[in-house]
Structures are given as C-alpha cells and as structure tokens.
Amino acid sequence: MPELPEVETIKKDLEEKVKGKRVKRVKIKNEKCIKAPSPVEFVKRIENKIFREIQRRGKFLIVKLDSLDALIIHLKLTGQLIYFPKEGEELNYTRLIFIFDDHTQLNFADLRGFGNIWLLPEGRLSTIPALADLGPEPLGDEFTVEKFKKLLKGRKGKIKPLLMDQSFIAGIGNVYSQEALFLAGIHPERNPSKLVDEEIEKLYNNLRKILREAISYRGSSVDTYVDLEGRKGNYEQHLNVYGRKGQSCPRCGAIIRRITISGRGTYFCPRCQR
DNA sequence: CAATCGTCCTGCGGGC
DNA sequence: TGCCCGCAGGACGATT
C-alpha cells in the first residue's frame, strides 16, 4: 500500500532510471487501468515522446512528457512500477509496458487492479477530482505547525480518518497515520478540534519525522510495495504498531489493540495513546 | 452538510 | 488436511 514515502521512493527511482528517455512503444495488456483517453489515443500520444520530468503530489505520480501532455499514475493498493534493463520481460498482472528507445522498459503491474493511469494535457490535471482537491504536502515548507493547528480547528469526527483524508493532508494512508498517532501518544479516535496545542505540535513533529525516516529507508513493504527494481522497502521493521495486534507496545509493554475506524483496521497502544 | 458505507479486486489467513 | 468464506484497503459515489 504505497503512501507518500513509497511514492516518493518510486519518484526518485524514476528520475534515475527513465527520466529523459524516449518511449518507443506502449503495450497495453489490460486497458481497464487507463482512465483517459481511449487506449488507442493513449498509445498514440505517448509513443515517441520523452519522459521529461517526474513529480509527486500526495500519492500521485506525474510524468510530464515533451508534449503538452502529462501521465498521471495512482498505484492505489497494489500498483507497481518495475524497471527492466532489457525488453521483453514481464511480470504477472502487468497492465501496461512502456518500452524506451534504449530497449529498457517500465512495467505497470497491479494485482488487485485498483490503480489508475490518465494522460491529460498539463493544464487539465485538475479534471481529476482527487488531484484537484488535494490538501497540503506534509513535508512542504508551507505546511507549518500553525497551519496544521488552523486546519484541525473545528474539524469533527476522528483524528485518524482525518489524517487519511487526502483533501486534508496529501499522501498519508492507513499505515503512517497510525504510526504518527502512536509516536504522538494520541488515541486514533480523538476529536481533532479537542487536541491541545502541545498534542498538535507532537503530532506535527512526529508525522514529519516518520515520513522523512520512511523515505530514507525507501518505504515500508506492508503489502505488495516494491521499488522500481522490485526491491522491498526497509522501514517495515521500524513500524511500532501497524499489524502488531497482540504484541507488546515497544514503549510501555501493554498489548497492542486493533479496532476498526471508518471500516479500516487501526492498531494502537491503549496505554500510551490517550 | 458531513460522516459513513458499499464498491472495485484477488491473495491469503482463519476456522472448521 | 483441505477447502471456503471473509477480510484487507484508496478513493469514489451513494446514502443517511
């Protein structure tokens, strides 16, 4: 389940491996992942174009071509981008293959098939609602603790689903929301508007810290996530609560609990997190 | 209006 | 032992 650190790792890998390369051919193995335009036009508008620039916004990857178009990729739960140094290789569940001029290739594979790809004119990226409504980048300079306090003010519901709300903050998913709350000692069901300044500061600092750390470890492979070379991330073993139901809390030794919040599994320490 | 629920999909784990 | 049901999850659309 790629979240911000995993998508950022893939973004850096793409910059290293395929940036500046010209697409010789696009092979479509399963056209369901292509949201726009039609498969025929998708191929026509990508072939012979250069992957000019790679960006990340939230969990979206944006590949700007040397035309007026950009390729937008969302991996959702099980999407993978895998680079092969030579043509002809293929993974299970491959949906798309980009073959470059130098005979290297990029596979888009997706076990569960929730991942999406769009090709849109650069000026029309906001026609993807989830991209247009994205909240601030949590690691961005403009995302200050004061801004975080303002955003939390008056919000209803529970803090954990709010952290996962992409229109609230971009890029946080089920794993890092829980980990940040653990480090901050905040119960995932707390009312966001009732967090005191000290708690907000702790959450802000730990959220940014864990995202930076996870990036430095090339992400966590809690599901099928792998990097461009098919390697797993190294941050999994540093996760404190995710998937650790019944194990003891690394901080206080209490038994980690699992509850469901908004239909999503949520792990926390009932003693440390209040 | 805002929060919650069902949906898509497939591998795998729990339970009998 | 082996099979099958149900769970898991990001984001959208429907519902309450």
Side-chain angles (χ1 to χ4, degrees), chain A residues 1-11 29-36 56-62 72-81 91-96 108-118 120 125-138 151-181 188-194 211 214 219-226 232-233 236 239 241-247 256-268:
Chain A
M1 169 187 6
E3 301 182 26
L4 188 154
E6 290 77 28
V7 180
E8 181 67 19
T9 301
I10 294 170
K11 182 224 157 186
K29 310 293 288 188
N30 184 333
E31 61 186 44
K32 266 204 305 195
C33 61
I34 303 172
K35 292 293 146 188
R56 179 193 59 76
R57 180 77 175 93
K59 301 175 199 170
F60 287 90
L61 283 165
I62 301 166
I72 301 98
I73 304 168
H74 197 304
L75 301 170
K76 292 283 183 86
L77 301 179
T78 54
Q80 299 175 323
L81 285 169
L91 293 165
N92 285 339
Y93 316 108
T94 292
R95 313 267 161 168
L96 286 177
F108 171 63
D110 193 354
L111 171 66
R112 278 175 250 184
F114 293 175
N116 295 139
I117 296 194
W118 297 258
L120 292 171
L125 301 193
S126 59
T127 57
I128 301 172
L131 190 53
D133 297 342
L134 230 38
E137 284 293 327
L151 287 173
L152 285 164
K153 214 171 190 174
R155 294 298 300 237
K156 293 170 184 169
K158 298 169 179 173
I159 184 66
K160 194 243 182 177
L162 184 61
L163 291 176
M164 289 174 64
D165 181 342
Q166 299 303 296
S167 65
F168 179 70
I169 312 181
I172 314 297
N174 201 36
V175 174
Y176 295 105
S177 60
Q178 303 176 40
E179 294 297 321
L181 287 167
E189 292 182 298
R190 284 283 298 282
N191 181 335
S193 51
K194 288 188 180 156
L211 293 173
S220 316
S221 294
V222 294
D223 208 325
T224 59
Y225 166 75
V226 288
K232 293 188 168 203
E236 238 171 306
L239 299 176
V241 285
Y242 185 84
R244 295 190 185 274
K245 181 189 176 186
Q247 299 181 29
I256 302 292
R257 284 188 59 199
R258 181 190 182 277
I259 56 174
T260 300
I261 303 175
S262 303
R264 296 291 170 254
T266 307
Y267 301 86
F268 71 103

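In what follows, chains carry the letters A, B, and so on, assigned in the order in which the sequence lines appear, proteins first and then strands, with residues in each chain numbered from 1.
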Any side-chain heavy-atom pair of K59(A) and L4(A) under 4.5 Å: no
message: What I'd like to find out is whether the side chain of N30(A) reaches to under 4.5 Å of the side chain of D110(A), using heavy atoms alone.
response: no
message: Taking atom CZ as the centre, does R257(A) end up with more than 12 heavy-atom neighbours from other residues, nucleotides or ligands that are less than 6.0 angstrom away?
response: no
Which whole-number value in Å describes the distance from [X] [atom1] to [N] [atom2]?
{"X": "F168(A)", "N": "dA2(B)", "atom1": "CZ", "atom2": "P", "answer": "14 Å"}
{"X": "E3(A)", "N": "dG10(C)", "atom1": "CD", "atom2": "P", "answer": "6 Å"}
{"X": "I259(A)", "N": "dA8(C)", "atom1": "CD1", "atom2": "P", "answer": "13 Å"}
{"X": "Q166(A)", "N": "dC12(C)", "atom1": "CD", "atom2": "P", "answer": "9 Å"}
{"X": "N174(A)", "N": "dA11(C)", "atom1": "CG", "atom2": "C1'", "answer": "13 Å"}
{"X": "F60(A)", "N": "dC12(C)", "atom1": "CZ", "atom2": "C1'", "answer": "11 Å"}
{"X": "D110(A)", "N": "dA11(C)", "atom1": "CG", "atom2": "P", "answer": "13 Å"}
{"X": "K35(A)", "N": "dA11(C)", "atom1": "NZ", "atom2": "C1'", "answer": "11 Å"}

message: Just by distance, no angles: are the side chains of Y176(A) and E6(A) close enough, under 3.5 Å, to form a donor-acceptor pair?
response: yes
query: Hey, are T266(A) and K160(A) close enough side-chain-wise for a donor-acceptor pair under 3.5 Å?
result: yes
- prompt: So does R56(A) pair up with E137(A), basic N to acidic O under 4.0 Å?
  reply: yes
- request: Give me the ring orientation class for W118(A) and F60(A): parallel if the planes are under 30° apart, tilted from 30 to 60°, perpendicular past 60°.
  value: tilted
task: Establish, with yes or no, whether the OP1 or OP2 oxygen of dA11(C) is under 4.0 angstrom from a side-chain nitrogen or oxygen of K59(A).
output: yes
Under-4.0 Å side-chain N/O to phosphate OP1/OP2 contact, H74(A) with dG10(C): no
- request: Treat primed atoms plus P, OP1 and OP2 as sugar-phosphate and everything else as base, then score nucleotides 3-16 of chain B 5' to 3': B for base contact with protein heavy atoms under 4.0 Å, S for sugar-phosphate contact only, - for none.
  value: SS--BBBBS-----
Sugar-phosphate only, base, or nothing, as touched by Y176(A) at under 4.0 Å among non-hydrogen atoms: nothing
